[in-house]
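The first residue in the sequence is number 1, and the count goes up from there.
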Amino acid sequence: MNEDQFRKRFRGALGEPPPGDLPRRLEGKLTTAPSSRTSSRAGALAATLALLVIAGLVGWRLVYQRATSPVSVTGSPSATEAPAASTADPLNCRLPVIVTRESASAAMVTEPGFVATKNGQYVAEGTASIAGLPGGAFIGYSIKPSQPAAPVGYSAAAKRWLPVRQTQVAPDGLSYVWDRLLPAGSSTQNFKTAELHRYDLTTATDHLLWTYAGSINVHRWDARGILVDTVPPTGGTMIVWLIDPQTGTASQQPNPGALGGLTPLPGEGANGSFSYGSDGTDAQGRTIYRIGSRAAGDQEWVFYETSPGRRVTIYKGRQGDATGFDPFQPIGDGRGIWFGDYETRGLWYWEPASGLRKISVTGLPAAPSGAFSGVYLSPVGSCM
């Protein structure tokens with residue numbers, strides 16, 4: 001389902017303000033999690049919604065550090081071909097983006113387009129279409145009706161806008177996975193089972209990979225396979241699976257360690273509480289972490305790990321310092337990592353050799369009128 005619509009529904013349910021103030025309020029609430037992953041249907045849905053709001057709106061999903069005994073693994077999925085590094089010059093290319101405009105008094109509107117990174121000029125893609133592509137539709141809930149799919153991602157390999165985010169796209173960019181609830185027409189309130197499908201963009205064919213008696217939440221598709229978690233329809237224990245993208249073989253994974261987790265350094269979490277944020281991975285499947293909130297002057301550390309405890313720093317400083325780096329929605333291209341930015345309506349690119357570079361963007365639509373209005377720019381694919 002469309003995460004932008006999902007987060008809007010959740011904000012309405014909580015009575016939270018729109019994005020102008022919500023990121024700061026949510027990030028101020030980051031705490032350690034309870035030890036149990038078992039919950040009621042309402043609890044499981046609320047947890048999922050909260051993660052989507054933080055991931056899509058705040059930009060950094062809360063992740064909890066906890067020790068869990070591994071479960072037995074069944075099967076051995078075949079590896080997916082690792083992505084090739086982008087050959088495009090990040091400072092002289094066309095980057096696919098999604099512009100989001102919303103406020104307390106106006107409906108959220110998304111718009112696909114491209115940014116010319118050489119001069120920062122944004123141009124809307126008026127002919128963008130996802131016609132004929134399955135997935136991405138918002139299935140509806142008691143407080144919000146169903147919504148049709150909209151462009152939220154882009155495949156440079158297939159030269160097509162997609163109804164799913166990059167985390168659901170194959171490393172080679174030529175297929176993606178999507179899920180649907182059954183029976184047909186059911187919602188999160190009354191569904192019985194879910195299906196995971198792979199859609200091939202080159203042949204325009206859809207393949208049923210896996211069926212599960214519960215919800216299926218796709219975390220990412222990397223060289224190892226498709227990583228998902230499941231929860232029974234009426235609530236219960238979350239299980240993590242690795243799905244073979246060709247055969248649909250499902251291998252149960254250590255729970256929740258398979259979803260990734262930051263290794264604390266000496267002194268971190270010394271008081272028994274340690275929380276951090278994340279929102280997505282680079283093209284190699286390494287999670288991008290953020291320690292620190294968006295409160296003015298707070299210490300910030302954005303990085304990924306090459307192995308437990310070995311961190312590669314993307315940025316280290318203080319919120320609101322001269323660098324002005326206030327990132328969200330990271331997306332890797334095999335060579336470096338693109339970021340959106342909360343405050344500047346700009347883009348950032350980081351690669352190990354040259355570090356962090358900013359691209360100021362012009363030509364964006366104006367923010368809607370009303371309180372808590374904002375315009376957000378999200379990179380959604382590789383440069384071309």
Side-chain angles (χ1 to χ4, degrees), residues 1-5 77-88 93-98 110-115 124-139 147-181 194-211 216-228 242-249 280-285 329-335 338 378-384:
M1 65 188 65
N2 187 291
E3 71 170 283
D4 292 322
Q5 294 151 345
S78 57
T80 303
E81 184 178 353
S86 173
T87 58
C93 66
R94 294 174 72 234
L95 182 71
V97 299
I98 295 291
T110 61
E111 175 184 287
F114 292 92
V115 171
E125 180 73 348
T127 60
S129 173
I130 54 170
L133 299 181
F138 175 58
I139 59 175
Q147 299 275 332
V152 294
Y154 187 84
S155 168
K159 295 181 173 56
R160 289 210 64 174
W161 290 95
L162 305 176
V164 298
R165 289 190 64 189
Q166 194 70 18
T167 51
Q168 295 174 236
V169 180
D172 64 7
L174 297 178
S175 56
Y176 67 87
V177 290
W178 63 282
D179 64 279
R180 69 174 178 179
L181 302 182
E195 292 180 341
L196 184 69
H197 291 245
R198 183 190 79 247
Y199 185 80
D200 293 332
L201 293 165
T202 53
T203 61
T205 55
D206 189 60
H207 308 269
L208 174 61
L209 286 179
W210 193 52
T211 300
I216 301 175
N217 177 41
V218 179
H219 284 266
R220 62 179 178 269
W221 184 349
D222 58 26
R224 297 178 305 152
I226 304 163
L227 192 67
V228 307
L242 188 64
I243 312 297
D244 188 303
Q246 299 302 318
T247 67
T249 300
T281 66
D282 64 7
Q284 290 77 23
Q329 300 281 341
I331 183 172
D333 62 7
R335 169 179 170 177
W338 286 99
S378 306
V380 296
S382 296
C383 251
M384 299 175 292

Notebook entry, point to check: In a check of side-chain contact (heavy atoms from CB on, under 4.5 Å) between Ile226 and each of Asp244, Leu209, Ile216, which one passes?
Noted result: Leu209

Check: Is there a donor-acceptor pair closer than 3.5 Å between any side-chain N or O of Gln168 and the backbone N or O of Val177?
Finding: yes

Check: How far does OG1 of Thr167 sit from CH2 of Trp221, to the nearest 0.5 angstrom?
Finding: 11.5 Å

Checklist line | Derivation of the side chain to side chain contact (heavy atoms under 4.5 Å, CB included) call for Gln329 and Gln166 | finding: CA-CA 10 Å; Gln329 300 281 341; Gln166 194 70 18; over 6 Å; no

Notebook entry, point to check: Going through the distances and angles, do Leu133 and Trp178 end up as a side chain to side chain contact (heavy atoms under 4.5 Å, CB included)?
Noted result: CA-CA 10 Å; Leu133 299 181; Trp178 63 282; over 6 Å; no

Check: Of the non-hydrogen atoms in Thr205 and His207, which two are nearest, and what is the gap between them?
Finding: OG1-NE2, 3.1 Å

Check: If you take all heavy atoms of Ala124 and Glu111, which pair is closest and at what distance?
Finding: CB-OE2, 3.4 Å

Next item on the list: Would you give the length of the straight line joining atom CG of Asn217 to atom CG of Leu227, rounded to the nearest 0.5 angstrom?
Entry: 9.5 Å

Next item on the list: Can you measure from OG1 (Thr281) to NE2 (His219) and round to the nearest 0.5 angstrom?
Entry: 12.0 Å

Next item on the list: Please round to the nearest 0.5 Å and tell me the distance separating atom CZ of Arg335 and atom SG of Cys383.
Entry: 9.5 Å

Notebook entry, point to check: Aromatic ring centroids of Trp161 and Tyr176 under 6.0 Å?
Noted result: no

Item checked: Side-chain donor/acceptor of Gln284 to backbone N/O of Gly334, under 3.5 Å -> yes

Next item on the list: Mind listing the closest non-hydrogen atom pair of Asp200 and Thr203 along with its distance?
Entry: CB-OG1, 3.3 Å

Notebook entry, point to check: Do you know the tightest heavy-atom contact between Arg224 and Leu242?
Noted result: O-CD2, 3.8 Å

Notebook entry, point to check: Step by step, would you call Leu196 with Ile243 a side chain to side chain contact (heavy atoms under 4.5 Å, CB included)?
Noted result: CA-CA 10 Å; Leu196 184 69; Ile243 312 297; 4.1 Å; yes

Item checked: Of Val152, Ile130, Leu201, Val380, the residue whose pairing with Leu162 passes side-chain contact (heavy atoms from CB on, under 4.5 Å) -> Leu201

Next item on the list: Provide the closest heavy-atom pair for Leu95 versus Pro379 in the form atom of the first, atom of the second, distance.
Entry: CD2-CB, 4.1 Å

Check: Can any side-chain N or O of Arg198 pair as donor or acceptor with the backbone N or O of Pro245 at less than 3.5 Å?
Finding: yes

Next item on the list: Determine, stepwise, if the pair Met384 / Tyr154 fulfils side chain to side chain contact (heavy atoms under 4.5 Å, CB included).
Entry: CA-CA 11 Å; Met384 299 175 292; Tyr154 187 84; 3.6 Å; yes

Notebook entry, point to check: Counting distance only, does the side-chain N/O of Ser155 pair as donor-acceptor with the main-chain N or O of Gly173 below 3.5 Å?
Noted result: yes

Check: For the residue pair Gly136 and Val164, what are the closest heavy atoms and their distance?
Finding: N-CG1, 4.5 Å

Notebook entry, point to check: Say you draw a straight line from CG of Leu208 to CD of Glu195; how long is it, rounded to the nearest 0.5 Å?
Noted result: 5.0 Å

